[in-house]
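Atoms considered below: every heavy atom in the structure, side chains included; atoms not considered: hydrogens, waters and symmetry mates.
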Amino acid sequence: QVELVESGGGLVQAGASLRLSCVISGRTFTRSTMGWFRRAAGKERQFVAAVSWNGGITFYADSVKGRFTISRDNAKNTVYLQMNGLKPEDTAAYYCAAQSSGSIYSDRFYDYWGQGTQVTVSS
């Protein structure tokens with residue numbers, strides 16, 4: 001049974017930092033691109049960041065570039081999203097996912113998803 005479990009979300013003030021973690025069980029995705037997406041209330045799910053299988057290549061949405069850092073530790077089957085300088089517009093449920101093939105920016109090309117962890121940023 002494949003399971004991705006996110007953690008690390010919470011309620012913080014603008015400017016604060018959080019680190020999200022995604023622990024993968026049931027199988028490994030060591031050769032898969034891993035991504036973080038988010039969905040704000042009333043909006044479509046949005047690409048946030050992705051990291052290549054060996055951690056050597058990263059991708060970011062323009063809205064988070066310079067503030068967020070994605071990384072992975074394959075030995076721990078864990079993907080991280082370090083979020084600094086949080087803004088109210090970052091408020092969303094954050095999901096990690098494993099890509100199969102296709103565009104890394106589209107959630108339709110990710111096969112496995114976690115249940116999400118809520119990040120709420122107050123003004």
Side-chain angles (χ1 to χ4, degrees):
Q1 191 86 330
V2 177
E3 187 174 31
L4 283 65
V5 180
E6 303 96 334
S7 63
L11 173 61
V12 299
Q13 292 183 328
S17 297
L18 286 171
R19 189 175 77 160
L20 307 184
S21 298
C22 173
V23 179
I24 305 155
S25 62
R27 63 160 288 180
T28 61
F29 295 96
T30 55
R31 301 191 71 85
S32 298
T33 295
M34 300 297 298
W36 285 94
F37 291 77
R38 66 187 182 188
R39 176 173 280 164
K43 296 185 177 181
E44 295 181 345
R45 190 155 55 190
Q46 177 188 46
F47 171 80
V48 176
V51 58
S52 62
W53 71 272
N54 65 355
I57 306 172
T58 55
F59 310 84
Y60 297 96
D62 288 341
S63 59
V64 306
K65 196 173 299 181
R67 299 188 296 120
F68 290 10
T69 303
I70 188 172
S71 61
R72 65 193 298 168
D73 186 340
N74 289 337
K76 296 181 178 180
N77 295 320
T78 302
V79 185
Y80 305 97
L81 185 68
Q82 178 68 44
M83 304 183 295
N84 298 327
L86 284 163
K87 303 176 180 179
E89 51 262 44
D90 296 318
T91 295
Y94 284 72
Y95 302 86
C96 68
Q99 191 202 27
S100 56
S101 62
S103 175
I104 63 169
Y105 304 105
S106 176
D107 58 8
R108 74 185 69 177
F109 297 110
Y110 289 76
D111 287 342
Y112 298 97
W113 293 83
Q115 294 299 307
T117 184
Q118 179 67 36
V119 173
T120 302
V121 185
S122 63
S123 300

For [X] against [Y], the heavy-atom pair lying closest together:
X	Y	answer
Leu18	Gly10	CD1-N, 4.1 Å
Pro88	Ala14	CD-CB, 4.2 Å
Thr33	Ala50	CG2-CB, 3.9 Å
Thr117	Gly8	OG1-N, 4.0 Å

Minimum side-chain heavy-atom gap [X]-[Y] below 4.5 Å:
X	Y	value
Ile24	Arg72	no
Trp36	Tyr95	no
Gln99	Ser32	no
Glu89	Val121	no

Original post:
Under 6.0 Å from the CD atom of Gln115, do we count more than 12 heavy atoms belonging to anything else shown?
Top reply: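 Count not over threshold, so no.
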
Original post:
Which ILVMFWY residues can you reach from Val23 by hopping between side chains whose heavy atoms are under 4.5 Å apart?
Top reply: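 When side chains under 4.5 Å apart are linked, Val23 ends up in no cluster with other residues.
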
Original post:
Should Val51 and Tyr60 be counted in the same cluster of Ile, Leu, Val, Met, Phe, Trp and Tyr side chains packed under 4.5 Å apart?
Top reply: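 Yes.
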
Original post:
If two hydrophobic side chains count as joined below 4.5 Å and joins carry through other members, does Phe109 share a cluster with Val2?
Top reply: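 Phe109 does not cluster with Val2.
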
Original post:
Under the side-chain contact (heavy atoms from CB on, under 4.5 Å) test, which residues partner Ala16, sequence neighbours left out?
Top reply: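 For Ala16, the residues satisfying side-chain contact (heavy atoms from CB on, under 4.5 Å) (neighbours in sequence not counted) are Val12.
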
Original post:
Just how far is it from atom CG of Asn74 to atom CE of Met34, taken to the nearest 0.5 Å?
Top reply: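 Output value for this atom pair is 9.5 Å.
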
Original post:
At what distance, to the nearest 0.5 angstrom, does CD of Glu6 lie from SG of Cys22?
Top reply: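 It comes to 5.0 Å.
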
Review item, side-chain donor-acceptor pairs of residues 52-59, under 3.5 Å, at least two apart:
unit_1 : atom_1 : unit_2 : atom_2 : d
Ser52  : OG     : Asn54  : OD1    : 3.2
Ser52  : OG     : Gly56  : N      : 3.3
Ser52  : OG     : Ile57  : N      : 3.0
Ser52  : OG     : Ile57  : O      : 3.4
Asn54  : OD1    : Gly56  : N      : 3.0

Original post:
Which pairs, with at least one residue in residues 39-49 and sequence neighbours excluded, count as a side-chain hydrogen bond (donor to acceptor under 3.5 Å, both in side chains)?
Top reply: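 Residue pairs with at least one partner in residues 39-49: Arg38-Gln46, Arg45-Asp107.
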
Subject >> Pair Leu20-Val119, side chain to side chain contact (heavy atoms under 4.5 Å, CB included): steps then yes or no >> reply: CA-CA 9 Å; Leu20 307 184; Val119 173; 4.1 Å; yes

**OP:** Using ring-ring contact (aromatic ring centres under 6.0 Å, His included) as the criterion, list what pairs up with Phe37, not counting sequence neighbours.
**Re:**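 Checked Phe37 against ring-ring contact (aromatic ring centres under 6.0 Å, His included); matches are Phe47, Tyr110, Trp113.
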
Just distance, no hydrogens or angles: give the donor-acceptor pairs under 3.5 Å from side chains in residues 79-87, sequence neighbours left out.
unit_1 : atom_1 : unit_2 : atom_2 : d
Gln82  : NE2    : Asn84  : OD1    : 3.0
Asn84  : OD1    : Ser17  : OG     : 2.8

